[in-house]
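Presented below is the structure to which this report refers.
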Protein chains: 2
Amino acid sequence: MNIRPRTRATSFDVAALAGVSQSAVSRAFTPGSSLAEEKRLRIIEAARKLNYVPNSIARSLTTQRSNIVAVILGNTANPFYLQVLEAFMHRLQAEGRQVLTFTVENGGESDEAILRVLRYQVDGVILTSAQLSTRMVSLCHDRGIPVVLFNRYIPGSDASGVRCANAEGGRQIATAFLAAGARSFAMIKGDPKGTTSQDRARGFVDRLMEAGIGRDAISELEGHSVYDGAHEAVVREFRDGRTKIPDAIFGINDIMAMGAMDALRQRFSLKVPDDVMIGGFDDIAEARRFPYRLTTVRQPIGQMVDETLAILHLDEPHRPIEPGRDVVVPGRLIWRRSIPAPRGDGETKGA
Amino acid sequence: MNIRPRTRATSFDVAALAGVSQSAVSRAFTPGSSLAEEKRLRIIEAARKLNYVPNSIARSLTTQRSNIVAVILGNTANPFYLQVLEAFMHRLQAEGRQVLTFTVENGGESDEAILRVLRYQVDGVILTSAQLSTRMVSLCHDRGIPVVLFNRYIPGSDASGVRCANAEGGRQIATAFLAAGARSFAMIKGDPKGTTSQDRARGFVDRLMEAGIGRDAISELEGHSVYDGAHEAVVREFRDGRTKIPDAIFGINDIMAMGAMDALRQRFSLKVPDDVMIGGFDDIAEARRFPYRLTTVRQPIGQMVDETLAILHLDEPHRPIEPGRDVVVPGRLIWRRSIPAPRGDGETKGA
DNA sequence: TTCCGGCGTGAATACGCATTCAATCTGTGC
DNA sequence: GCACAGATTGAATGCGTATTCACGCCGGAA
């Protein structure tokens with residue numbers, strides 16, 4: 001146990017034991033290559049004896065494919081992105097690829113992360129919730145590495161993006177509020193630099209104004225895309241009766257909606273939806289739980305992951321990188337109790 | 001944009017442009033190597049012009065160090081482990097290492113994951129919440145790759161582990177329950193194969209029995225370490241009045257405690273802590289939120305991460321792997337409102 | 001002046017594998 | 001029995017870098 005053999009058997013060792021050439025060993029571990037079945041078995045057996053495990057690093061050097069995909073996370077405090085990470089891990093693992101994970105500061109630049117990722121010759125980069133300079137995108141593309149922005153787009157960027165119909169989702173929440181009779185509103189926005197937050201807010205406001213709601217009946221808070229941010233923003237805005245509490249509050253994402261809801265109950269002893277109705281966006285797992293039962297717009301993560309991987313086209317490395325596609329998938333309004341349903345068609349199962 | 005230069009500049013390209021040898025370029029990117037400053041600057045400039053990024057894959061091949069650490073996640077539905085992942089990512093990124101992330105089925109074997117990890121010549125393996133055969137441990141150790149079990153230990157294994165004082169934590173919750181006057185109990189256990197769950201439960205029961213509580217006053221439910229599992233277990237156990245609802249319920253981890261709490265409120269209209277008091281373990285971010293305000297045992301993630309990285313000793317690859325250390329760090333009881341405090345010293349800030 | 005230690009440098013090599021190329025072997029059709 | 005297509009095979013090479021080795025150079029000590 002104290003000895004350190006440091007003996008990672010190589011394909012040559014296996015070849016020697018099996019009485020074949022190193023080429024044969026390589027072929028034995030490369031599906032679809034031409035090798036007599038009897039010999040293949042003999043090699044596998046020898047490999048087993050030596051605890052041989054092929055060295056993917058060396059393999060990558062010759063094949064120019066690492067089978068590694070980088071996932072860069074911009075806001076690990078939002079459970080949504082962890083759900084997304086999980087979805088990508090499952091999918092990529094299933095097809096034999098590895099996930100190299102990075103985090104960057106919430107709202108920060110991911111340039112440095114990209115640079116580090118590039119060193120590892122990843123086959124693709126998935127960027128969630130993070131800023132990215134166009135220089136970095138072309139750096140990747142020039143090297144044949146596709147970049148996909150998940151739930152985000154950068155105007156004028158060459159990088160493709162996959163996102164939910166954010167503006168439309170904002171409209172759906174607004175429509176739900178209106179149907180429930182709300183006349184005064186607040187919304188809690190996230191990262192001001194992020195288009196996601198902007199789009200949802202825009203759709204929300206547009207719909208309200210179409211319904212004749214005045215701009216002065218819609219206040220805006222900044223929640224920085226996190227629970228605590230929204231919680232504090234609500235407390236700050238409404239304490240001392242400085243601002244009148246509106247009929248309805250739209251949290252630009254679920255975690256902020258939850259923070260707002262908790263703040264309203266805890267600090268102002270208000271009831272949801274009786275005193276204030278609340279809408280969210282994402283449909284994270286927590287949103288359906290008993291204390292929240294949040295009416296929200298569900299982002300179809302599975303579908304978005306599919307679209308992302310399609311753009312990455314990891315299976316066809318030689319297909320050119322598609323220039324700047326912007327894939328938009330529709331969200332779906334999930335009725336729960338944080339907004340009174342016009343008709344009694346809300347979800348009944350709460351857990 | 002449509003052309004695919006596929007031109008990843010190599011150190012030779014940079015050398016040619018800078019008028020030096022490839023060795024010099026390599027040295028320019030290797031801190032601490034002997035190279036004239038003037039020449040180093042010239043090389044950096046040439047590299048910039050060519051968008052040269054050193055190829056870590058090739059570097060790994062010669063150095064025998066990949067600077068990649070594998071983190072294997074066993075239960076992504078428990079936010080605790082995502083917090084742990086985040087902590088490791090931050091730490092490892094800060095010291096210039098990469099994180100290769102894997103998931104395995106909740107409670108499943110991680111052998112296959114290990115095998116895949118080994119191919120990538122990772123410098124270390126961190127395993128959270130997952131089973132592992134001893135054969136895999138020695139496979140790693142024989143190759144000089146340290147393995148650390150996070151929050152888990154495998155009796156008789158060569159792998160070191162870092163964990164919280166689980167039994168002691170269970171005792172602390174039991175003590176809190178007793179101090180608050182509880183006389184009948186339930187506990188919701190997680191993965192039956194996991195030692196973590198067993199240890200916490202054991203400490204809990206031991207303490208109760210020391211206080212003269214009979215075994216028949218302690219019922220046991222299975223929650224499979226997830227929110228929904230605990231929720232359903234509580235509903236199943238207590239509906240129809242089959243079992244009398246106890247004074248206190250110990251969720252072996254916070255997420256199950258939360259599931260239990262929501263079930264009690266939603267399905268049985270009970271109040272916490274008035275009707276039932278609840279204790280948890282982990283102190284995940286959600287535990288402090290208004291609807292839960294869970295009294296729980298905080299696991300010192302930072303300290304546990306430190307200990308884990310110390311065992312990995314990534315900086316000294318040649319130091320022999322320490323045989324089977326079992327590092328135990330104490331948890332700390334965090335008083336919140338889900339258990340009435342004997343004296344009024346609970347946390348007041350809820351969000 | 002001579003000697004020596006140390007720095008700076010480039011040529012050459014190794015890392016572990018996939019793949020090309022040419023050679024050998026197999027079986028088929030005639 | 002012969003020619004030939006296809007299947008197997010191994011030697012050799014390349015992937016991009018770090019590192020060793022040997023050499024030239026400089027400055028200080030003797």
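Order of the sequence lines fixes the chain letters, A, B, ..., with proteins taken first and strands second; residue numbering starts at 1 for each chain. This structure is a prediction, so every number in the text was calculated from the model and none was measured.
Comparing dT20(D), dG10(D), dA12(C) against the side chain of Ala24(A) picks out dG10(D) as the nearest. For Leu61(A), the listed nucleotide lying nearest its side chain is dC15(D); candidates were dC15(D), dC17(C), dC15(C). Listed nucleotides dT9(D), dA18(D), dC17(C) differ in distance to Gln22(B); the shortest reach to its side chain belongs to dA18(D).
We find that CZ of Arg65(B) is positioned 17 Å from C1' of dT17(D), with the value rounded to whole Å. Per the geometry, CD belonging to Glu37(A) stands 14 Å off C1' belonging to dA7(D), to the nearest Å. dC7(C) atom C1' lies 13 Å from atom CZ of Arg40(B), rounded to whole Å. The CG atom of Leu35(A) sits 20 Å away from the P atom of dT24(C) (whole-angstrom rounding). Rounded to whole Å, atom C1' of dG16(D) lies 15 Å from atom CG of Leu50(B). The CZ-C1' distance, from Arg143(B) to dG16(C), rounds to 12 Å in whole Å.
Separation of the Tyr52(B) and Phe29(B) ring centroids falls under the 6.0 Å cut-off.
Screening Asn106(B), Val104(B), Leu82(B) for a side chain to side chain contact (heavy atoms under 4.5 Å, CB included) with Asn75(B), the sole residue that qualifies is Asn106(B). Each of Gln98(A), Arg97(A), Arg59(A) was scored for a side-chain hydrogen bond (donor to acceptor under 3.5 Å, both in side chains) with Asn67(A), with one residue passing: Arg97(A).
Using a 4.0 Å heavy-atom criterion, one finds that Ile57(B) contacts no nucleic acid atom at all. Backbone-only engagement by Thr63(A) is indicated by non-hydrogen atom pairs under 4.0 Å involving sugar-phosphate atoms exclusively. No engagement by Phe29(B) is indicated, since no non-hydrogen atom pair under 4.0 Å with the nucleic acid exists. The residue Ser23(A) sits close to a base: some heavy atom pair falls under 4.0 Å.
In this model, the phosphate group of dT8(D) is approached by a side-chain N or O of Ser34(A) to a distance below 4.0 Å at OP1 or OP2. Contact annotation: Lys39(B) does not reach the phosphate of dG8(C) (side-chain N/O to OP1 or OP2, under 4.0 Å). Remark: Ser21(B) is not in phosphate contact with dT9(C), judged by side-chain N or O atoms under 4.0 Å from OP1 or OP2. Contact annotation: Ser26(B) reaches the phosphate of dA18(D) (side-chain N/O to OP1 or OP2, under 4.0 Å). Applying the 4.0 Å criterion to OP1 and OP2 of dG16(D), one finds that Tyr120(A) has every side-chain N and O outside that range. Between dG16(C) and Gln64(B), a contact under 4.0 Å exists linking OP1 or OP2 to a side-chain N or O.
Two residues, Ala36(B) and Ala58(B), neighbour DNA chain C, and the one matched to the more 5' nucleotide by heavy-atom proximity is Ala36(B). In terms of position on DNA chain D, the residue among Arg27(B) and Glu38(A) whose nearest nucleotide sits closer to the 5' end is Glu38(A). Mapping Arg59(B) and Gly19(A) onto DNA chain D via the closest heavy atom, the residue that lands nearer the 5' end is Gly19(A).
In this structure, Asp123(B) and Ser66(B) approach most closely via the heavy-atom pair OD1-N, 3.1 Å.
Relative ring orientation between Phe150(B) and Phe80(B) is described as tilted, the plane-to-plane angle lying within the 30° to 60° band.
In this structure, Arg325(A) pairs ionically with Glu322(A), as a charged nitrogen and a carboxylate oxygen lie closer than 4.0 Å.
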